[in-house]
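Data first, discussion second: the structure below is written as structure tokens.
Remember, predicted model here, so these are calculated numbers, not experimental data. Numbered from 1 within each chain, the chains take letters A, B, ... in sequence-line order.
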Amino acid sequence: MRIGVFVCHCGSNIAATVDSAAVAAAARDFDEVVFSTDTMYTCSEPGQTGIIEAIKTHALDGVVVAACSPRMHEPTFRRAVERAGVNRYMVEMANIREHVSWIGKDKEANTNKATELVRMAVEKLRLNRPLFPKTFKATRRVLVIGGGVAGIQTALDCAEAGLEVVMVERESTIGGKMAKLDKTFPTVDCSSCILGPKMVDVAQHPNITLYASAEVEAVSGFVGNFEVTIRKKVTCVDWEKCTGCGLCTEKCPSKKAYNRFDEGVGPTTAINIPFPQAIPKKAVIDKEFCRYFTTGKCGVCAKICPTGAINYEQQEELAQEKVGAIVAATGYDLFDWRAYGEYGAGRYPDVISSLQYERMLSASGPTGGHIKRPSDGKEPKTVVFIQCVGSRDASIGRPYCSGFCCMYTAKQAILTKDHIPDSQSYVFYMDIRAPGKAYDEFTRRAMEEYGAQYVRGRVALIYPKGDKLVVRGTDTLMSSQVEVEADLVVLAAGAEAARNASGLAEKLHISYDTYGFFVEGHPKLRPVETNTAGVFLAGACQGPKDIPSSVAQGSAAAAKVLGLLSKDVLESDPQIAQVTLQRCIGCGKCIRVCPFQAIRETDFRGQRKAEVIEAVCQGCGLCNATCPQGAIQLSHFTDNQVLAEVEALCRC
Amino acid sequence: MADDIHGALREAIRTILPDVECVLGWGSGPDPLRSAPLFMKSPEDVERFRAGELAVNNLAVFLPEYAGRKVGIVVKGCDSRSVVQLISETLVKREEVVIIGYPCRGVVDVAKIAAAIGLGNEDLEAGLVERAEVNGDTVSVTVRGETKTFPFKDVMAAKCSICRYPNAVLHDVFIGEKAEAREDSYADLEKYEAMSLEERFRFWEKEMERCIRCYACRNACPLCVCRDHCVASSREPHWLSQADSTRDKLFFQLIHATHLAGRCTGCGECARACPVGIPVGLFKRFINRAAGQLFGFQGGLDPEAVSPLQRFLVDEPTIKEKEWK
Ligand SMILES: Cc1cc2nc3c(=O)[nH]c(=O)nc-3n(C[C@H](O)[C@H](O)[C@H](O)COP(=O)(O)OP(=O)(O)OC[C@H]3O[C@@H](n4cnc5c(N)ncnc54)[C@H](O)[C@@H]3O)c2cc1C
Ligand code: SF4
Ligand code: SF4
Ligand code: SF4
Ligand code: SF4
């Protein structure tokens with residue numbers, strides 16, 4: 001093999017603490033290296049041209065680039081050598097930036113280490129073989145999981161561009177949290193007025209199939225060819241027949257069911273349609289409260305329903321869908337603030353969550369838009385808002401900022417004044433975080449125009465006094481104790497990962513952080529991708545996000561899906577496992593250990609052997625590490641290649 | 001071992017004989033002290049069967065070769081764990097093996113006896129031992145007309161004094177009263193753990209210098225099922241060189257131990273088989289303890305279980321990764 005070595009300076013990123021020229025000089029002595037040089041920016045246009053020319057001049061058939069992380073530029077250099085007619089897998093990278101120059105200051109030691117890394121890369125490259133991708137057909141359909149505003153945006157963008165969309169929403173209506181909001185910051189426009197039309201579009205778009213009251217049960221397959229099993233939950237109503245007329249909800253005698261849509265502010269009926277604009281507008285029976293199920297007698301709804309849609313015996317159903325890409329848009333849930341004993345741990349009826357307050361503010365909500373104390377229905381005059389409840393508090397395991405609470409609290413303070421002009425709001429806060437467009441102006445308006453009293457400090461205790469609640473805290477700016485006698489306390493509960501987000505992540509084979517938020521491919525450069533090919537993220541499931549950012553991500557994810565599925569054929573990565581039949585003894589260890597069920601047992605002339613299903617293998621290498629005799633090898637990362645690297649290192 | 005148990009075992013073997021291709025047990029070996037595997041196919045073969053303190057070999061090592069054919073096997077507690085592990089790894093089918101268990105009070109360590117009569121293990125040529133007998137708590141051995149008697153506990157295999165499963169953990173037939181289990185606190189490892197890494201390395205270098213690369217350790221291991229395909233003798237992949245270097249020999253032991261991680265049942269056959277007495281079982285003891293601590297798992301107890309390193313779980317139930325700070 002004729003190998004060329006290119007040692008990058010990365011401006012001063014590498015050259016400041018590594019003598020790149022010396023590394024290049026040392027590399028000239030390595031086996032099969034016939035050319036080496038150092039370059040200012042190898043990834044730049046002239047840098048790449050340099051590689052291409054060297055390949056031609058020196059008839060190179062393999063290239064080592066000592067530069068940054070392969071995660072950054074391996075694709076760049078693979079494309080470069082390919083342009084010079086060399087197989088893309090005949091490139092190895094030595095990461096002398098993240099692994100060397102950025103982590104050590106001693107130039108001599110760094111230069112030695114960089115040289116060793118190059119030696120390893122050369123030894124590995126000597127065993128590289130050209131690899132060729134296979135092509136396969138892709139299904140030009142996308143699954144969107146979660147019908148909040150982010151998922152809706154993705155679905156509409158994809159559907160508009162001609163893709164078939166399957167949307168799965170676990171509640172009986174789409175809309176997510178935004179559907180529950182009254183007005184939205186910073187423009188204070190009506191939430192359902194701007195969301196409603198988009199929801200209707202989802203329902204009416206010919207390219208969108210909506211499964212509400214449904215969850216993803218299982219996902220198999222791989223990019224371009226996912227097989228999704230969808231579990232349709234029991235609603236006891238045949239949605240084919242239900243017209244959403246609502247007669248059943250009027251007649252249902254069980255009127256004290258928990259109202260999930262209204263966050264428990266005011267009850268609902270056992271059979272219910274969450275809100276008038278619900279999409280799909282279909283009734284659902286809550287078995288926990290339905291008299292037919294609790295007492296065995298009732299059946300009022302079945303009698304009243306003009307289309308005979310009620311079916312108490314309904315069973316769960318599974319549906320299968322084939323898609324080429326998946327977008328997770330499962331949003332967030334609210335932190336259960338009852339973890340805080342000092343705020344009454346849920347014992348005081350007049351301490352409520354911000355989302356409950358939104359429902360109270362909403363004209364179509366349970367109180368018809370009147371702010372009422374849950375305890376006695378009176379209109380509160382003094383309202384205290386407490387921010388960062390379950391945010392930025394390491395003691396309860398929520399050290400992160402939920403991002404949107406400062407803004408919605410200002411909004412709620414403004415709306416309080418609108419609803420009750422003689423009211424006074426107090427906001428206890430830690431810092432005001434209002435970095436968006438027109439955001440800071442908005443919070444200032446709450447203070448200056450609407451007279452909300454902002455107190456910087458944490459609340460230490462809330463306790464009842466007569467029919468009031470005393471809120472005691474410290475004003476850290478004034479260094480004084482503050483006590484406010486409040487009629488109503490609203491807690492800006494922080495965002496946490498959606499219920500069972502981790503379970504979904506596991507089905508999708510994507511990563512999630514300690515808090516359950518899904519992990520993006522790169523925090524800056526791949527914000528809506530994941531590390532699983534064909535799976536993308538949109539909205540608050542990736543981390544707390546307000547509506548503008550969620551919508552932006554929804555569109556970004558759609559753009560990625562459209563890009564991916566713009567072709568009918570996709571290329572498979574040839575870096576996958578392969579079984580050497582002569583060596584395999586059919587012990588099946590690899591089969592059991594493969595996380596992707598990519599290996600099956602076959603019969604080869606009467607002998608038990610392992611076989612890799614190429615399109616399913618993700619190249620994780622677990623089977624390779626498990627097979628005791630090395631009969632299954634990961635192409636491009638074979639035992640011998642890794643051993644060659646280790647040998648090279650031990651020889652130094 | 002009591003004659004009535006022997007009798008009952010022979011009877012049990014005869015009973016299953018018509019249903020199986022053969023029954024694996026023990027018969028006399030190169031001399032009266034040592035047993036050899038006995039492959040019983042006829043009632044006459046069964047007459048030569050013997051079990052007890054001299055029935056040292058773990059016969060499970062032969063089972064995978066019988067795949068597709070039904071066999072019987074007589075097992076001590078430790079042997080039964082190998083069978084269970086093989087079943088759990090689908091290398092042996094439960095329905096293809098009839099397991100006959102009996103209570104084991106321990107087996108002799110032939111190397112200890114050899115040393116006690118002033119011989120090296122390698123000096124025990126066939127026929128040298130004229131007589132060997134276990135009488136209650138003593139073992140008598142006659143060499144060149146001279147009989148020596150030792151307390152059984154002094155010449156018992158080390159694994160037996162810490163044996164937690166002296167009765168077959170899985171069996172179709174069990175003959176006799178269950179023997180009492182002992183405790184294992186891995187106390188034997190303390191001595192090595194007290195050594196510095198440097199000292200430990202020197203220790204092993206010194207031990208491995210003697211290794212003749214015969215791979216008896218591997219061949220005796222009932223779970224080393226790769227046989228002719230072992231990485232030790234392959235170029236693709238090329239894990240070991242054929243050079244006569246201590247490091248390569250040590251490396252092989254580390255490979256063996258890691259391949260057995262979460263699988264080894266501690267039967268001790270590897271160390272017993274080593275003709276030059278290298279304590280190769282220690283590596284596996286160390287890893288077995290770690291598998292217990294990390295995964296709460298011991299190989300060879302549950303035929304339905306999958307060893308922790310032979311499966312993929314997003315969350316290992318015993319490793320609360322998400323709670324790591
Ligand atoms: C009190 C309050 C007031 C707010 N006010 C504003 C405001 O004024 N302006 C603003 O910009 N932002 C505001 N926000 C933030 C806003 O709610 C979010 O930005 C927005 O809802 C994020 O949209 P999303 O689609 O990512 O998530 P969500 O709205 O949470 O939607 C996620 C959807 O996915 C569904 N889902 C979850 N898991 C699954 C699953 N496994 N399978 C199927 N479906 C699933 C859920 O049921 C839900 O329908 C406010 C938040 C709160 C708490
Ligand atoms: S682990 Fe290795 S030997 Fe066993 S079945 Fe898989 S490839 Fe074959
Ligand atoms: S590399 Fe092996 S374990 Fe990993 S996905 Fe492919 S076949 Fe499965
Ligand atoms: S490694 Fe040794 S102790 Fe473990 S199962 Fe194999 S032979 Fe028995
Ligand atoms: S049995 Fe002993 S000598 Fe033979 S290979 Fe194993 S350790 Fe070496």
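Note that CZ of B/R200 is 6.0 Å distant from CD of B/E193, once rounded to the nearest 0.5 Å.
For B/Q85, the side chain to side chain donor-acceptor pair (under 3.5 Å) test picks out B/E89, B/S307, with sequence neighbours left out. Residues passing the side-chain contact (heavy atoms from CB on, under 4.5 Å) test with A/Q641 are A/K124, A/L127, A/N128, A/T638, sequence neighbours excluded. Considering only residues two or more places apart in sequence or on other chains, A/Q607 meets the side-chain contact (heavy atoms from CB on, under 4.5 Å) condition with A/K609.
Aromatic rings from A/F517 and A/Y400 are positioned such that their centres are separated by under 6.0 Å. Ring pair B/F283/B/H256: centre-to-centre distance not below 6.0 Å. Between B/F62 and B/F39, the ring centre distance stays below 6.0 Å.
Heavy-atom distances place the backbone of B/C230, and not its side chain, under 4.5 Å from chain A. Of the two parts of B/L309, only the backbone, made up of N, CA, C and O, holds a non-hydrogen atom closer than 4.5 Å to a non-hydrogen atom of chain A. Residue B/R235 touches chain A through its backbone alone, counting heavy-atom pairs closer than 4.5 Å. When heavy atoms are compared at a cutoff of 4.5 Å, B/V225 approaches chain A by way of both its backbone and its side chain.
Heavy atoms of other residues, nucleotides or ligands lying less than 6.0 angstrom from CD of B/E304 number 12 at most.
Contacts from residues 236-245 of chain B to chain A, taken as heavy-atom pairs separated by less than 4.5 Å, involve B/E236, B/P237, B/H238, B/W239 in sequence order.
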